[in-house]
Amino acid sequence: MDERRDLYEVLGVGREAGPDEIRKAYKQAALKHHPDRNNGDPVAAQRFKEATEAFQVLSDEQKRAIYDQYGFAGLEGGGGGFPGGVDLGDIFGNFQDLFSEFFGGGGQRGRGRGPRRGADLRVQERLPLKDAAFGCKRELAIAFPAPCERCNGNGAEPGTQPTACGTCRGSGQVSNARGFVMFTAPCPTCRGEGRILKSPCTQCRGQGQEARQKKVVVSFPAGIDEGQVLRIPGQGMPAPNGGQAGDVLVQIELEPDPRFERHGADLATRLKVGVADAILGAKLPVATLDDEPLEIELPAGTQPGHVVVVRGRGVPKLEGKGRGRGALHVVVEVEVPRGDALEAATRQLVEQLREALRASGGQPSETPVTETGAETTETGTG
Ligand SMILES: [Zn+2]
Ligand SMILES: [Zn+2]
């Protein structure tokens, strides 16, 4: 290791190369010699290490200036943090950020070979009950993180470079000995980043990332329900190495509806019925989710809380085609008019009614709430 190759030579760039050219050259070298891609070949590992060391110096303005003037001696002398003789593990540790960009996986040391899959993007979408019930198509704007355009993702204002943190020498970790035991903790100076931004990028405030949006047209199938997750394959983040793109996962929320409650494929709605209609029976229109007209027939003596089940007028069933729709449960509410608000003539009629009912012993029915469902069902279509 005495005869070190010139750092510019290692990366194959000229002395006047700019930061972008150096970055590109390093990326190429790193991809070519990466140990994961060379079955652990020691020569490749050595080349990889050299390239990384070269990049570590040449991508840092200060270190590069020192190297240009004094060569390796300048870097090794003044505690400048040149990683002479560090092992590969440390280099990987120091360059997690870079590796996550190059290899797309937070600097993993290649446990999973082969191309990695892109990340999934998750969103929530709130649908009106009707749209969820009968299906709909919507264009969703989905936010995803992308490298900041201004700083190319490195977090530093253009024209400046992040510098290695002096406290932890770029590792992001500090170790303290307590007795015979070493404790490792994230570096307090750089908060574990390993580098310091003297001039953070003004666009991303040093995050290196910014939120972007992509538009995805999503078809929500009829019958989709609260809490369900719709997966749209291949619309997520692209894969880092030409692998499969991730998916978009849409979690469904339902807007509350003033007229209907949904229970799976069944719907419930309330029907206000006048006293006379409840006593005498009536044919009444009922609100439906599909807005198709529907009338139900109430028998004479309909009680409050009476439920009419109309099959086939609920929500289409999601699983399997041709399974039809759930039922609409119509719950009767009997409206009792306020006596003091009645016109005199009507009030008189009600008084007569009271007398007549008392005379005939016609007390309110004591039969419990009934459920007729079946008799009235055939109003429906299914
Ligand atoms: Zn930025
Ligand atoms: Zn630090």
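Both counts, for ligands and for their atoms, begin at 1 and track the order of listing.
By the side-chain contact (heavy atoms from CB on, under 4.5 Å) test, Ala65 is found to be paired with no residue, residues two or more places apart in sequence or in another chain being considered. Take Pro186 and apply the side-chain contact (heavy atoms from CB on, under 4.5 Å) test, not counting sequence neighbours, and it matches no residue.
Residue pairs meeting the salt bridge (charged side-chain N to carboxylate O under 4.0 Å, His left out) criterion with at least one member in residues 236-254, sequence neighbours excluded, are Arg117-Asp247, Arg126-Glu253, Arg231-Asp247.
Judged purely by atom type and a 3.5 angstrom limit, Glu149 has no side-chain atom pairing as donor or acceptor with the backbone of Pro147. At distances below 3.5 Å, not a single donor-acceptor pair connects side-chain atoms of Thr160 with backbone N or O atoms of Ala156.
Note on ring orientation: taking the six-membered ring where Trp is involved, the planes of Tyr26 and Phe55 are parallel (angle under 30°, cut-offs 30° and 60°).
Protein nitrogen, oxygen and sulfur atoms, that is N, O or S, within less than 2.8 Å of the Zn ion (ligand 1) amount to 4.
Seen from the Zn ion (ligand 2), atom SG on Cys190 and atom SG on Cys187 lie at an angle near 100° (rounded to 10 degrees).
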